[in-house]
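When reading the values below, keep in mind they use all heavy atoms of this one structure, side chains included, and skip hydrogens, waters and symmetry mates. In what follows, chains carry the letters A, B, and so on, assigned in the order in which the sequence lines appear, proteins first and then strands, with residues in each chain numbered from 1.
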Amino acid sequence: GTRIVYERSTLMHLRNSP
Amino acid sequence: IKHPLHNTWVLWYYDNDRKKSWAENLKEITSFSTVEDFWSLYNHIKAASELKPGSDYSLFKKGIRPMWEDDANKQGGRWLISLEKRQREIDLDNCWLEIMLCMIGESFEGNADEVNGATVNVRPKVDKIGLWTADADKSKADVNMAIGRKIKDRLNLSNRQQIHFQLHRDTQTKSGSAAKNTFSI
């Protein structure tokens with residue numbers, strides 16, 4: 001199956017989203 | 001819509017209450033399976049550097065308990081990152097967060113399924129972060145080495161700052177304070 005991968009930058013970007 | 005994670009993760013907290021048994025002191029805090037829920041948890045709890053010495057945080061895949069005895073850990077080992085007390089203010093929280101981001105983001109490429117979880121031990125002199133892998137058998141040496149290299153890369157550790165891979169069964173039977181290092185990079 002496909003793996004759901006997140007780059008560090010994406011995770012950090014999502015930190016601030018409301 | 002929340003961003004789903006590949007795995008569901010559980011955060012544990014170990015409180016060093018001498019009046020209680022080890023198992024009683026290990027508490028499951030909560031689980032999460034989205035990026036947003038990770039951040040709301042992370043932003044809500046004390047940072048590792050704020051914990052009283054003797055305490056641990058552990059983040060493990062759902063279904064795996066943060067202990068050697070768990071079936072998923074029995075044959076495994078850990079990459080050990082040691083941080084001096086003076087590094088606690090500067091490096092501990094950043095290192096622990098980076099390790100968690102590596103795990104929840106499945107950053108270990110083809111080896112992500114070999115990663116079970118990680119623990120941060122806050123101790124009086126030396127804090128320790130351990131990333132636990134499922135199988136420390138010689139046949140998996142390249143897998144465990146690749147995981148170790150990824151850790152060094154993501155933590156920006158120089159060649160001088162070594163991390164060590166230890167089999168859990170060596171850590172359990174260690175004499176004195178230092179367990180045998182199977183690899184060091």
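Annotation: Lys138(B), atom NZ; neighbour count of heavy atoms from other residues, nucleotides and ligands within 6.0 Å does not exceed 12. By the 6.0 Å contact criterion, CD on Glu7(A) is open, its count of non-hydrogen atoms from other residues, nucleotides or ligands being 12 or less. The neighbour count for Lys125(B) NZ, taken as heavy atoms of other residues, nucleotides or ligands under 6.0 Å away, does not exceed 12. Within a 6.0 Å radius of CD in Gln162(B), more than 12 heavy atoms belonging to other residues, nucleotides or ligands are found. Counting heavy atoms of neighbouring residues, nucleotides and ligands inside a 6.0 Å radius, atom CZ of Arg169(B) does not exceed 12 of them. Within 6.0 Å of atom CG in Asn159(B), 12 or fewer heavy atoms from other residues, nucleotides or ligands are found, so the atom counts as exposed in its surroundings.
Residues Tyr6(A) and Glu106(B) fail the side-chain proximity criterion, which asks for heavy atoms closer than 4.5 Å.
With a threshold of 4.5 angstrom between heavy atoms, Thr10(A) does not approach chain B through any atom at all. Using a 4.5 Å cut-off between heavy atoms, Asn43(B) touches chain A through its side chain atoms alone. Leu5(B) touches chain A through backbone and side chain together, each having a heavy atom under 4.5 Å away. Of the atoms belonging to Tyr42(B), it is side-chain heavy atoms, and not backbone ones, that fall under 4.5 Å from chain A.
A salt bridge is absent between Glu109(B) and Arg3(A); no separation between the charged side-chain nitrogens and carboxylate oxygens falls under 4.0 Å.
With respect to chain A, the highest number of heavy-atom pairs below 4.5 Å among Cys102(B), Ala112(B), Ser40(B), Ser107(B) belongs to Ala112(B).
Heavy-atom minimum distance, Leu14(A) versus Glu36(B): CD2-OE2, 4.2 Å. Nearest heavy-atom pair across Met12(A) and Leu101(B) is SD-CD1, 3.7 Å.
The same ILVMFWY cluster, assembled from side-chain heavy atoms under 4.5 Å apart, contains both Met145(B) and Leu167(B).
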